[in-house]
Student: 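The structure follows.
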Amino acid sequence: MLKSYFIIAVRNLVRHKVFSFINLFGLALGMSGALLIGLWVQDELKFNRFYPDLDRLYFVRIFDGQYTSNITSSPLTEALKTDIPEVEKATKLSWSQDLLVTVGEKAFKESGYYASSDFFDVFQLPIIQGNPRTALQSLTSIVITRKLAEKYFGNSDVVGKTIRLDNAKNYLIGAVVENIPFHSSVQFDWIVNFKVFEEDWMHNWNNNSFQTYVKLRPKVTATQAENTMRTLVSRYNPGPDSKNLRPILQPLSQVYLYGEYEQDKPVGGRIEYLQLFTLIAVFTLLIACVNFMNLSTARSAARSREVGVRKVIGAGRSSLVQQFMGESLLMALLALVLALAITWLALPHVNSFTQKQLSLQLAQPVLWIALLGLAVLTGLIAGSYPALFLSALQPVRVLKGALKTGVSATRLRQSLVVFQFILSIFLIIGMLVVGRQIDYLRTARLGLDRENIFYVPIEGNLATKRKVFQQELLRSDAIQAVTTTGELPINIGSNTSGNLDWPGKDPKQIETIWQMTVGTGFVKTMNITLLSGRDFQAIPNDSLHILVNESAAKLMGFQDPVGQSITFMGQKGRIIGLMKDFHLASLHVPIQPLVIRHISNWTNFVLVKTQPGRTVEAIKTAEKIARQLNPAYPFDYHFLDDNYEKLYRNEMLIHTIVNVFGVVAILISCLGLFGLVTYTAEQRTKEIGIRKVLGASVANIVALLSADFLKLVLLANIIAWPLAWWAVDNWLQNFTYRASVGWELFALAGVAAVLIALLTVSMQAIKAAIANPVKALRNE
């Protein structure tokens, strides 16, 4: 029986090549899309899940009563260990640093952290050699990864050997650990004790600049630990500004996917992209399944005689259902093979734009189970309605030739076409809206310049020769202005609370103010609008004064803040300038109060603004000077524009994926439409022939065949527009600043869908219209 079913199925596939190809290719595209997104989602879900004791590891955030920060003060770590009995281990990390690592003649920039001594008790990693826990307790030891050891020494047997860091200090390699998995939020190649890095200002409870992680004792919940921590900060740092500060614990397993907070609760983050892409994958697969249903149902008349004969000779409905479901499953399995080939070809490109290492692990039984599950699910969904519809045909009617596709079957096919195009139009609108928002992000005026600006890290001898470096740079005609900063002004990541006092300040007022340190000429170099006052200058006592933005002035209640006395970080000074608000980070977040200090020695980057069109010349000049002043370090520079675009990597990913799957959805829908028009033309061959004999033109015939399908696409537009409006409006709510979305985008999507459908239908309609009517009538 099964052999018979198989032969019939193969015979039908071969006999109707066009329909077979449309069904097969459509299903393969849908399955390949689902497979690619499934691989990406699976990879995203792996983040931070490989650590032992994962259920006891937490990332510490600070909630100030209004805002949840992902950076903490330095003293918090020790207090957590000594005062909170629920905490077994705690560690803090500096910000990630790219420092020069030198071994003999080899010298490269490598990323790492300064971390407190419990780091390897919290992050337990496989050990290659030595003991990283004891090694990190020493101020002269360094822990490195296998990759770093093999890069510099050729093997991992390196404990006891010396490595030079930042061309300043030699460290003894105390341990080698396994390479950090790609799916870790904390990436490094070297770790050195935090005390080597520590400075006096880091002892201040009000400065938040570090990451803190804890491991709770067994069977302790995060809620229990948080309850004990409620008064921890105010106990060590009494005062009105700190009484509302309290640590909150986020499971390490959620840090990567749930990074956004409202008040003290996680409200989303990257998980929303996983949900969105999963929805797109389901949409694409559904469109492919609908295609299969539609074409199979349309061809029901062609197979009705076969059903009638089988029923007359005793076949029951269940055996017919099995037969047609079997054919559907066979088609799905063939489509799976094609989908694997498409996926294999597409993976290098997907890895390139997602910066991942996705692959088809064909040796893994789990993958084959998942693939077979996908094929079976697709086959069952796609084949369910055709099997039920065909098996229900009455043998007497079909053998008399009374069966024509009835109104209900026609309505069903029309409904499925509408459904397909609703999803396709939905994705087209998504393509247009995401594209407009990306353009808006790229071109938005931030309140400061980012074009024609590159930055050079201050490292090695440049730390002591930064003034000379700046002066030499300014001698070049290709360079407009130069300044120094502690952080990049497009992504300021340090804040303080309770360190700013001014006359009339409300003692109960909670203030979290973002801060940065700069050199002279910062306002001029970045082209920030100075509303009043002046920029920092190389004059005595300017390091006591501050610049504030409009938001900070508003927070302090000053209409005219310039000249007002303040105390910041324990130093008395004045506000010397009021800056127009500019964006401190991505457009996801609103502009925050900002205080800028002038401390040249606390800056990490030299920002160079070039003359338009002379950037290459300016870079060559900077390289020449840097090599003279800092010969031990390779010249390193980056464009500020590139760093700004990195803030929107997720949006770029969405844009690409929505574009690709929008095109795939349209292609599958058009394949279905093409098949239906082909079928309709076949069914109406006699009618077309008679109309042509009676004088109908080619245009009349094309219009006749196209009109019904275009009505369906128009109806799909009407249904898709409000759904798409709701979806894109929700997505845009993630941005504090967003592009306007008007009706024209929806109209454009509708026109595009109609034109694509018209083009698809016309191709086959014209072919039918120009056929010889005599031939058609003779055949009939």
Student: Just jot down the ring-ring contact (aromatic ring centres under 6.0 Å, His included) partners of Tyr648, sequence neighbours excluded, or say none.
Tutor: Tyr644
Student: Which atoms form the tightest heavy-atom contact between Ile429 and Ala724, and what is the distance?
Tutor: CD1-CB, 3.6 Å
Student: Only one of Asp449, Thr615, Asn452, Thr525 clears side-chain hydrogen bond (donor to acceptor under 3.5 Å, both in side chains) with Lys609; which?
Tutor: Asp449
Student: Listed by chain and number, what are the side-chain hydrogen bond (donor to acceptor under 3.5 Å, both in side chains) partners of Trp725, not counting sequence neighbours?
Tutor: none
Student: Before we go on, tell me: are the rings of Trp502 and Phe568 under 6.0 Å apart, centre to centre?
Tutor: no
Student: Under 4.5 Å between any side-chain heavy atoms of Thr517 and Thr485, yes or no?
Tutor: no
Student: Quick one: closest heavy-atom pair of Thr68 and Ile248, and the distance?
Tutor: CG2-CD1, 3.6 Å
Student: Looking at residues at least two apart in the chain, or sitting in another chain, which of them share a salt bridge (charged side-chain N to carboxylate O under 4.0 Å, His left out) with Asp264?
Tutor: Arg246
Student: Has Lys109 got more than 12 heavy atoms of other residues, nucleotides or ligands less than 6.0 Å from its NZ?
Tutor: yes
Student: What pairs of residues pass the salt bridge (Lys or Arg N to Asp or Glu O under 4.0 Å) test when at least one of them lies in residues 487-496, not counting sequence neighbours?
Tutor: none
Student: Tell me, please, which residues at least two apart from Arg436 pass salt bridge (charged side-chain N to carboxylate O under 4.0 Å, His left out).
Tutor: Glu744
Student: Tell me, please, which residues at least two apart from Phe283 pass ring-ring contact (aromatic ring centres under 6.0 Å, His included).
Tutor: Phe426
Student: Against Asp542, only a single residue in Gln537, Arg534, Arg597, His598 fulfils side-chain hydrogen bond (donor to acceptor under 3.5 Å, both in side chains); can you say which?
Tutor: Arg534
Student: Check for me whether the distance between the ring centres of His583 and Tyr737 falls short of 6.0 Å.
Tutor: yes
Student: Under the side-chain hydrogen bond (donor to acceptor under 3.5 Å, both in side chains) test against Tyr256, which residue among Glu44, His183, Arg49 passes?
Tutor: Glu44
Student: Does any pair with a residue in residues 573-592 pass salt bridge (Lys or Arg N to Asp or Glu O under 4.0 Å), and if so which ones, sequence neighbours excluded?
Tutor: none
Student: My understanding is that only residues two or more places apart in sequence, or in another chain, count here; which of them pass salt bridge (charged side-chain N to carboxylate O under 4.0 Å, His left out) with Asp439?
Tutor: none
Student: For Tyr213, give me all partners under ring-ring contact (aromatic ring centres under 6.0 Å, His included), at least two apart in sequence or on another chain.
Tutor: Phe59, Phe123
Student: What residues, two or more places apart in sequence or in another chain, satisfy ring-ring contact (aromatic ring centres under 6.0 Å, His included) together with Phe277?
Tutor: Trp40
Student: Only counting residues at least two apart or in another chain, list the ones meeting salt bridge (charged side-chain N to carboxylate O under 4.0 Å, His left out) with Arg61.
Tutor: none
Student: Name every donor-acceptor pair, under 3.5 Å, that has one atom in a side chain of residues 553-563 and the other anywhere in the protein, sequence neighbours excluded.
Tutor:
none

